[in-house]
Visitor: 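Once you've had a glance at the structure underneath, I'll fire off some questions.
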Amino acid sequence: MTTVVNESAPGGAARRAAGLPRLLPRAPEDLRGHLARYGAVPYRGKVGALIADIKTAGLTGRGGAAFPVHRKLAVVAGARQTRKVIVANGAESEPASRKDELLLRLAPNLVLDGLQLAAETVGATEAHLYLHGAARPEILRALAERAARGLDGRSVTVTQAPPRFLAGQETALVNRLGGGPAMPTFQPPRVSERGLGGAPTLVQNVETLAHIALIARYGPRWFRAVGTDAEPGSMLATVYRPDLKTQVVEAEIGTPLRDLLGDGDEAQGIQAWLIGGYHGTWLPLPQAAELTLDNAALRRFGAAAGAGVLVALPAGRCGLTEAARVVSYLAAESAGQCGPCLNGLPRIAAGLAELAGAGHRRGTLADLERWAGLVTGRGACNHPDGTVRFVRSALTVFAPEITRHARGQCSATDRRPFLPLPAGLPTSEEDWT
Ligand SMILES: Cc1cc2nc3c(=O)[nH]c(=O)nc-3n(C[C@H](O)[C@H](O)[C@H](O)COP(=O)(O)O)c2cc1C
Ligand code: SF4
């Protein structure tokens, strides 16, 4: 169950004092409500005009890689081709993430404003919205309302992303919009240089676009009023708490993680955090308890905020079993095009499942380390690298559990699955379209 919780989540008072939420209204906002709150789309009337403000704001992408937005805008704005494409990425292909769906449902017009403003900024001739099905009705309604008012400079083509882990990766997205399967391809060239149909293509996460819509209205100083100097602004996070409540929270970048997740004292019963989702990093408690939600801090622990999936694993669950479940899912989600990924990830998944069983071969841990080394850096996309990051951190944080399982024991008192995974794994070729 996903809720917006700037009131009820821990740290809610601090967020309110910081002027948050900025992106999420309490209830779905139709066009009339959106216009009453924000006014018309603040077009600048010129290609490139918004780039300086975005650069001063220091906005980075919220789809996972935190790449500086002004740099991608500048590449596409500066391209000589007459045909240019912009895509709003709402695929939200990480199964544990809920923030893009909620944003699209509650504030579709903020995302669509950002899409139009970014399209104007780069001189896009074609605009697309690529999304996971759940938010489609709200988006289609918003687009119809906007068309009736003549608000949009460009019409927007909506395409549904298949529910696959890789579907939101930008080269997979470009393949899908071009009529092919949502599978990644090797880069370079980057899609910003040669993307959909060979045109320079700007792909931005839908949350990134909503931030652009606000920066265009309120300016970079306003944006920088929250966050850290190096990583300004706020970000949406999907937070899994031990009480099984899943919450989407808009948090200031640099917020103490314990304010969002709890810090593992006995009353809260948390054994570890998972930061950054299924390509993310397990962190041990209490060692990580002082960390904050920003990449500069997280990097010291080999972690990154990614697309904002934050998990507090309750003490009664087996982290090793949870990790093994996720890695079998990730192995099944390999697009099967690159040998090391196709062959290596299932072996890694089988090795981890063996550790999570009762007793394992002597060489299993060493095999896992060897296979991890063999797949790293060997894919067209970073699926193998992300999976290996998750696996290595699990092996470290859950080392005591590995020893217990080797003796045929397990510390879990609750064996229900904790981390969300799609029911039934798609396996056929058509599932990529
Ligand atoms: C395996 C994988 C899955 C991804 N899935 C998504 C996704 O569902 N949504 C998204 O916005 N970005 C996703 N990305 C990141 C995109 O490739 C791309 O960097 C992003 O959409 C750019 O937008 P941003 O700069 O605004 O973050 C994924 C990347 C990888 C490697
Ligand atoms: S690395 Fe794996 S997931 Fe990525 S394109 Fe190659 S086979 Fe597909």
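This is a predicted model, so every value here is computed, not measured. Just follow the structure's listing: the first ligand is 1, and inside any ligand the first atom is 1.
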Visitor: Suppose I only count heavy atoms of L166 and a 4.0 Å limit; which atoms of ligand 2 are within that range?
Guide: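 Heavy-atom distances to L166 below 4.0 Å select 3 (S).
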Visitor: Can we call the ring centroids of F223 and H211 under 6.0 Å apart?
Guide: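 Here the rings of H211 and F223 have centres that are less than 6.0 Å from each other.
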Visitor: Quick one: look up the protein heavy atom nearest atom 1 (C) of ligand 1 and list residue, atom name and how far away it is.
Guide: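 I find the closest protein heavy atom is L166 CD2, 3.5 Å.
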Visitor: Please state which protein non-hydrogen atom is closest to atom 17 (O) of ligand 1 and give its distance, to 0.1 Å?
Guide: E170 N, 2.9 Å
Visitor: With a 6.0 Å cut-off (strictly less than), is the heavy-atom count around CZ of R392, excluding the residue itself, greater than 12?
Guide: yes
Visitor: Are any of the N/O atoms in H279 less than 3.5 Å from those in ligand 1?
Guide: no
Visitor: Closer than 4.0 Å to some heavy atom of A91 - which atoms of ligand 1 meet that?
Guide: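 Under 4.0 Å from A91, ligand 1 has these atoms: 8 (O).
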Visitor: Any ion pair linking R258 and E290 (charged N to carboxylate O, less than 4.0 Å)?
Guide: yes
Visitor: Using a strict 4.0 Å cut-off to heavy atoms of N382, name the atoms of ligand 1 that fall inside it.
Guide: 31 (C)
Visitor: Can we say D294 and R299 salt-bridge, meaning some charged N sits less than 4.0 Å from an Asp/Glu carboxylate O?
Guide: no
Visitor: To which protein heavy atom is atom 15 (C) of ligand 1 closest, and what is the distance rounded to 0.1 Å?
Guide: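 Among all protein heavy atoms, the one nearest atom 15 (C) of ligand 1 is G63 O, 3.9 Å.
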Visitor: Which one holds for T208 and ligand 1: side chain close, backbone close, both close, or neither close, with close meaning a heavy atom under 4.0 Å?
Guide: side chain
Visitor: Donor-acceptor pairs are to be reported for all side-chain atoms of residues 131-144 against protein atoms at under 3.5 Å, with residues two or more places apart or in another chain.
Guide:
{"residue": "E138", "atom": "OE2", "partner": "R105", "partner atom": "NE", "Å": "3.2"}

Visitor: Any side-chain heavy atom of Q204 within less than 4.5 Å of one from N89?
Guide: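 The answer is no, as the side chains (C-beta and beyond) never meet within the 4.5 Å cut-off.
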Visitor: Any side-chain to backbone donor/acceptor pair from T121 onto L117? Under 3.5 Å, distance only.
Guide: yes
Visitor: Is R154 salt-bridged to E126, cutoff N-O under 4.0 Å?
Guide: no
Visitor: One thing to verify: whether R44 and D53 come together as a salt bridge, which I'm taking to mean a side-chain N less than 4.0 angstrom from a carboxylate O.
Guide: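 Result for this pair is yes, salt bridge flagged.
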Visitor: Check this for me: does any side-chain nitrogen of one of E354 and R361 sit under 4.0 Å from a carboxylate oxygen of the other?
Guide: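 The answer is yes: the pair qualifies as a salt bridge.
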Visitor: Evaluating non-hydrogen atoms only, which member of F67, Y130, F165 is closest to atom 3 (C) of ligand 1?
Guide: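 Looking at heavy atoms only, the winner is F165.
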Visitor: Thinking salt bridges, do R98 and E101 make one under a 4.0 Å N-O criterion?
Guide: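 Salt bridge: no.
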Visitor: Nearest to atom 2 (C) of ligand 1, what protein heavy atom do you find, and at what distance?
Guide: Q169 CB, 3.8 Å
Visitor: Has R62 got any heavy atom lying under 4.0 angstrom from an atom of ligand 1?
Guide: yes
Visitor: Specify side chain, backbone, both or neither for T185, according to which of its non-hydrogen atoms lie closer than 4.0 Å to ligand 2.
Guide: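 Within the 4.0 Å criterion, T185 makes no contact with ligand 2.
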Visitor: Would you say CZ of R347 has more than 12 non-hydrogen atoms from neighbouring residues, nucleotides or ligands within 6.0 angstrom?
Guide: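 Atom CZ in R347 is not packed in, count stays at 12 or less.
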Visitor: Should the heavy atoms of other residues, nucleotides or ligands under 6.0 Å from CZ of R217 be counted, would the total exceed 12?
Guide: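 Yes, because the 6.0 Å sphere around CZ of R217 holds more than 12 heavy atoms from other groups.
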Visitor: Atom 20 (C) of ligand 1: which protein heavy atom is closest, and how many Å away?
Guide: N89 ND2, 4.2 Å
Visitor: Between R325 and T321, is there a donor-acceptor pair closer than 3.5 Å when you use the side chain of the first and the backbone of the second?
Guide: no
Visitor: Which N, O or S atoms belonging to the protein are less than 2.8 Å from atom 6 (Fe) of ligand 2?
Guide: C338 SG
Visitor: Of the protein's non-hydrogen atoms, which lies at the shortest distance from atom 5 (N) of ligand 1, and what is that distance?
Guide: S93 OG, 3.1 Å
Visitor: With a 4.0 Å cut-off on heavy atoms, is E207 in contact with ligand 1?
Guide: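 Distance cut 4.0 Å: E207 fails for ligand 1.
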Visitor: Salt bridge or not between K99 and E207? Use side-chain N to carboxylate O under 4.0 Å.
Guide: yes
Visitor: Whether the side chain of E333 engages the backbone of F165 through a donor-acceptor N/O pair (distance < 3.5 Å, no angle test) should be reported.
Guide: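 Pair found, side chain donor or acceptor close to backbone of F165.
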Visitor: Among all protein heavy atoms, pick the one closest to atom 14 (N) of ligand 1 and tell me residue, atom and distance.
Guide: G168 O, 3.5 Å
Visitor: Which atoms of ligand 1 sit under 4.0 Å from any heavy atom of G61?
Guide: 24 (P), 25 (O), 26 (O), 27 (O)
Visitor: Any nitrogen or oxygen of E92, main chain or side chain, under 3.5 Å from a nitrogen or oxygen of ligand 1?
Guide: yes
Visitor: Run the numbers for me: atoms of ligand 1, each under 4.0 Å from some heavy atom of V203, listed by number.
Guide: 21 (O), 22 (C), 23 (O)
Visitor: Could you identify the single nearest non-hydrogen protein atom to atom 23 (O) of ligand 1 and state the distance to 0.1 Å?
Guide: N205 N, 3.0 Å
